[in-house]
Amino acid sequence: MLFTGLEMIALVDCNNFYVSCERLFNPRLESLPVIVLSNNDSCVVSRSNEAKTLGIPMGAPFFSIEKIVRSAEVKFLSSNYALYADISSRVLSVLADFGFPLEQYSIDEAFMDVSACPRKNLQALSVDFLQRIRQWTGIPVSVGIAESKTLAKIAGSIAKKKNTIQTEVFEDPIVLDEILGRTPCSDLWGVGARFAKRLSAKGICTALELRDAAPSVLRSAIGVQAQRTAMELAGENCMAMEEIPPPRKSVCVSRSFSRPVSEMEEIAEALSSYSSGASAKLRKDGLLAAEISIFLLERRINGIAASRSLSYSLPEATNSAPLLISAAKNLLEKIFVPGISYVKAGVILLELSSAKNRQGTLFGDESLQKTEKVSCIIDSIREKYGKYSISYASEGFGKNWEMRRNFRSPSYTGDWNSLPVCR
DNA sequence: TCTGGGGTCCTAGGACCC
DNA sequence: TCTGGGGTCCTAGGACCC
């Protein structure tokens, strides 16, 4: 057997990604406290370092930090996902150029298998990643390199705290033990608040204690996930690189309303709009759905939000917008209760299969294929003339339930009309 | 008063079968 | 009235991620 040596995994993580994207096209935001808000301008989803220093927590509802925002003149923006997705793909293509097996993990993070790089060159490689991305895209990143994804995540978070070049390569086992000894379990990738609590009940508080705990105890007391994390901490890679993303199993489009909604007609408009959007995702990925599910979320009472949902198995798998819209509306009529205020609704498409090898039914419906074609034509009109150039009537016209995005920056790179202008 | 959106995986328990 | 053991599949809910 050929001995290939230990694997080495790099994590490249964009710093304060959404804020960094905004700063690319609005340099006046540089060195100011800046935050980006989630949909409906509700929660903080990205913070500049200056905003972090002010003590603005990740995920904080906007109203809870309004005082700080006002007194420190924090700049706030609605999220502009079209822009972030575009910048993300640029960062990814720079990384792909390096030629290592690459897995995009999220919009702002990627793993790379850098085992092929000689150990002594890893430090220089990590600096190359960082500098080339900065130079070619303008986005600041931090880089962590270690023997597993979980360790690379820790290395990345250490890199991020550095003032100079933000890279960290785990090489020396003694140093690593020391680092794991001061890393609380709750900081680990894959360990949330609940698991951390259960671990601490077993006397396991640090990453070092988790790594050295008995596997059988971990498995029975917490679960397979904890055991896997412990192995990863020991340098054993048990989370395979996924260069080709596995086929998705569901498609979901859901939104909170700008205000509580209690009229069925308005919810029907929203669900039509979400169904249309979800079906467009299917077509983009060449998929069909055989099941549709809708859900409605009621307003919170004493912190608890009741929800109702219903699903329906379609007679034939499809990505036809009109058909999915009418299915969603039928479901709505069955679960809608008058007199209740709803704050959010959503459509989930399930039982997905490839459109290429579709399974026809004995009495296949020709009109189904026709409406699928119409949907494709509408996609291309939207592609050419913009997202709002054409809609289904059932989506409504006023759309005054639609979420707030009052502070959104222009699309910049996604639309010819909003390209920045030089003067 | 006001708390995002889109995913995946794991587990326990119930239904069902022979 | 007495009522096994072992297996699969499905589903809902929980937990996690960014």
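First the proteins, then the strands, lettered A, B, ... as listed; each starts at 1. These numbers come from the heavy atoms of this one structure, side chains and all, not from hydrogens, waters or symmetry mates.
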Discussion item. Check the orientation of Tyr105(A) and Trp189(A). Use parallel for under 30°, tilted for 30 to 60°, and perpendicular for over 60°.
Written reply: perpendicular
Worksheet item: So what does Arg219(A) touch, heavy atoms closer than 4.0 Å: a base, only the sugar-phosphate, or nothing?
Response: nothing
Discussion item. Determine whether a donor-acceptor pair (N or O, by modelled atom type, separation under 3.5 Å) exists between the side chain of Ser220(A) and the backbone of Ser216(A).
Written reply: yes
Worksheet item: Taking the side chain of Tyr81(A) as its heavy atoms from C-beta onward, which of dG4(B), dG6(B), dC2(B) lies nearest to it?
Response: dG4(B)
Worksheet item: Relative to the 5' end of DNA chain B, which residue comes earlier, Arg228(A) or Tyr18(A), by the nucleotide with the nearest heavy atom?
Response: Tyr18(A)
Worksheet item: Any luck finding a side-chain donor-acceptor pair between Gln166(A) and Asn15(A) under 3.5 Å?
Response: yes
Discussion item. Between Asn319(A) and Ala289(A) (side chain of the first, backbone of the second, donor and acceptor by atom type, cut-off under 3.5 Å), is there such a pair?
Written reply: no
Response to the item:
Among dT3(B), dG5(B), dC10(B), the one nearest any side-chain atom of Val224(A) is dC10(B)
Discussion item. Given dC2(B), dC18(C), dG6(B), identify the nucleotide with an atom nearest to the side chain of Val253(A).
Written reply: dG6(B)
Worksheet item: Parallel, tilted or perpendicular for Phe98(A) and Phe129(A), by the 30°/60° rule?
Response: perpendicular
Fill in: Comparing Glu242(A) and Lys344(A) on DNA chain B - which has the more 5′ nearest nucleotide
Lys344(A)
Worksheet item: For Ser250(A) and dT8(B), is the shortest distance between a side-chain N/O and OP1 or OP2 below 4.0 Å?
Response: yes
Practice prompt. Mark yes or no: Arg408(A) above the aromatic ring of Tyr81(A), with NZ or CZ under 6.0 Å from the six-membered ring centre and no more than 45 degrees from the axis.
Written response: no
Fill in: Between Ser48(A) and Asn16(A), a side-chain donor and acceptor under 3.5 Å
no
Discussion item. Would you say Arg255(A) places a side-chain N or O within less than 4.0 Å of OP1 or OP2 belonging to dG6(B)?
Written reply: yes
Discussion item. Below 4.0 angstrom, which residues in residues 100-113 of chain A have at least one non-hydrogen atom near DNA chain C?
Written reply: Tyr105(A), Ser106(A), Asp108(A), Glu109(A)
Item to complete: Output the residues of residues 187-217 of chain A in contact with DNA chain C, where contact means a heavy atom of the residue under 4.0 Å from an atom of the strand; sort by number or write none.
Response: Leu188(A), Trp189(A), Gly190(A), Val191(A), Gly192(A), Ala193(A), Arg194(A), Phe195(A)
Worksheet item: What's the closest nucleotide to the Phe63(A) side chain, out of dC2(B), dT8(B), dG4(B)?
Response: dC2(B)
Discussion item. dG7(B), OP1 or OP2 - any side-chain N/O from Lys281(A) closer than 4.0 Å?
Written reply: yes
Worksheet item: Between dC2(B), dT3(B), dG5(B), which one does the side chain of Arg299(A) approach most closely?
Response: dC2(B)
